[in-house]
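Only heavy atoms go into these numbers, but all of them, side chains included; no hydrogens, no water, no symmetry mates. For reference, positions follow the sequence shown, starting with 1. Remember, it's 1-based here, ligands and their atoms both numbered in the order they're listed.
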Amino acid sequence: MSLIKTDQLKGMIREVPDFPKPGIQFYDITTLLKDAGGLKAVIDGLADTNHGKGIDTVVGIEARGFIFAPAVAHAIGAGFVPVRKPNKLPAAAERIEYALEYGTDILEIHTDAVEVGHKVLIVDDVLATGGTAAAVAQLVRKLGGEVVGLNFVIELDFLHGRDRLPGLAVRSLVHY
Ligand code: AMP
């Protein structure tokens with residue numbers, strides 16, 4: 001298996017025009033994930049700057065964040081916590097409602113998922129407008145966690161999502 005560098009990842013991501021609706025260019029990571037070298041490069045790339053930081057918890061956002069966050073947590077010796085769509089979590093949960101381009105969305109986290117003062121890394125596949133990531137950072141802080149960083153596979157620079165995450169360490173492997 002050849003070693004793949006993070007700057008080669010872009011060539012492994014499939015760009016699908018007009019999905020899920022006209023005018024949206026969808027960045028499809030399944031073509032990257034199915035390649036053994038690509039999968040290794042993406043998990044190593046997300047983990048490599050996060051060793052030795054004392055991170056307790058890696059939070060993944062439903063659904064595609066669940067592909068990456070547990071593997072990163074395993075690599076850096078942290079635990080994994082899911083942030084889920086509404087009414088999926090079985091125990092007491094904290095919820096946040098946030099604005100989308102049209103309408104609102106809701107995300108939830110178990111109230112006992114993050115301990116006060118714990119260091120938390122948030123992981124997702126794509127940073128687009130930043131609305132989702134900002135909402136998750138707020139949820140973690142509500143529970144008393146310290147957000148030490150947000151890592152993404154892909155960042156859509158032209159949407160300026162990181163402007164909605166002021167003061168937070170945002171890092172992405174691939175930029176468009
Ligand atoms: P946002 O809240 O706008 O930053 O959107 C982030 C979420 O939407 C991510 O979890 C992605 O899974 C998804 N997403 C947004 N835009 C795209 C895109 N162009 N291609 C693939 N996924 C996207």
Expected list for residues 112-122: side-chain donor-acceptor pairs under 3.5 angstrom, two or more places apart:
none

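Partner of R95 under the side-chain contact (heavy atoms from CB on, under 4.5 Å) criterion, chosen from N87, L139, T111: N87.
Listed as neighbours of ligand 1 are Q25, F26, Y27, R64, D124, D125, V126, A128, T129, G130, G131, T132, L156, each bearing a heavy atom under 4.0 Å from the ligand.
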Before giving the answer on side-chain contact (heavy atoms from CB on, under 4.5 Å), spell out for V140 and T57 the whole-Å C-alpha distance, their side-chain angles and the decisive distance to 0.1 Å. CA-CA 10 Å; V140 169; T57 306; over 6 Å; no

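Applying the 6.0 Å contact sphere to NE2 of H74 captures no more than 12 heavy atoms from other residues, nucleotides or ligands.
Under the 4.5 Å side-chain criterion, counting only non-hydrogen atoms from C-beta, D124 is not in contact with V136.
Both tests hold for K10 against Y176: distance to the six-membered ring centre under 6.0 Å, angle to the ring axis within 45°.
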